[in-house]
Amino acid sequence: MCIGETGLGKSTLMDSLFNTNFESSPSPHTLPTVKLKAHTYELQESNVRLKLTIVDTVGYGDQINKEDSFKAVVDYIDAQFENYLQEELKIKRSLSAYHDSRVHVCLYFICPTGHGLKSIDLVCMKKLDQKVNIIPIIAKADTISKTELQKFKSKIVAELQNNGVSVYQFPVDDESVSEVNASMNAHIPFAVVGSTDFVRVGNKTVRARQYPWGTVQCFEQF
Ligand code: GDP
């Protein structure tokens with residue numbers, strides 16, 4: 001599930017991550033309520049077939065009264081748990097054939113303001129943190145400088161802690177992955193850049209954003 005204000009780059013990041021074009025149409029800022037839209041895709045990555053459902057929160061944060069923005073999201077997540085429970089309670093269950101629509105991970109897109117989290121972010125994450133794995137990510141990270149980004153990240157981590165919001169932590173109890181997972185945990189919230197454009201750099205064509213002053217490659221660590 002991708003939660004974040006309209007125009008923060010949710011669809012672009014999904015296209016970038018899965019290296020495809022999900023052909024979503026941009027939504028306007030004028031929707032009266034938040035709507036949850038789920039689309040299921042069958043992807044093929046070399047010889048691995050992946051069934052992926054992306055849930056988008058259309059209209060999130062666009063209403064003048066943002067108080068209920070998160071309600072639609074919470075209701076959606078609860079409804080998926082309820083559906084699963086109903087299937088489990090049946091005398092003749094067919095969980096193997098059941099399309100499990102429970103949300104496994106929620107990418108929470110944070111606006112790259114440099115000024116910490118908005119109240120809507122904290123309230124929404126607090127409502128969800130016991131129901132779903134939340135991975136906070138700073139959207140459009142190319143719009144924020146390197147030093148600002150470090151300060152912004154520390155501020156977000158402090159605000160999450162002070163408000164008792166628990167976000168996903170990569171597990172560090174298994175020795176074989178503890179080192180790499182600990183270093184991943186140190187990066188949270190992740191700073192991301194997405195693009196639907198391809199640019200030629202040297203002899204390679206890479207997913208990137210081109211500006212008058214330079215090119216930002218999406219999969220470069222910076
Ligand atoms: P959504 O409404 O959250 O799905 O946002 P979109 O993916 O439709 O993106 C909205 C606009 O933001 C588009 O013009 C994108 O090109 C732009 N955008 C997306 N990702 C990035 C990014 O990482 N950096 C910058 N600067 N712009 C981005």
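All ligand and atom numbering here is 1-based and tracks the order in the structure.
With sequence neighbours excluded, no residue satisfies ring-ring contact (aromatic ring centres under 6.0 Å, His included) with F18. Legend: residues meeting ring-ring contact (aromatic ring centres under 6.0 Å, His included) with F198, ordered by chain and number and at least two apart, are absent. Listed by chain and number, the residues in a ring-ring contact (aromatic ring centres under 6.0 Å, His included) with F22 are Y41 (sequence neighbours excluded).
Across all their heavy atoms, A182 and V172 have their closest contact at N-CG1, 3.8 Å.
Between the side chain of K131 and the backbone N or O of D78 there is no donor-acceptor pair closer than 3.5 Å.
Closer than 4.0 angstrom to ligand 1 lie heavy atoms from E5, T6, G7, L8, G9, K10, S11, T12, K140, D142, T143, V193, G194, R209, Y211.
V132 has its side chain out of reach of V105: every pair of non-hydrogen atoms, C-beta onward, lies at least 4.5 Å apart.
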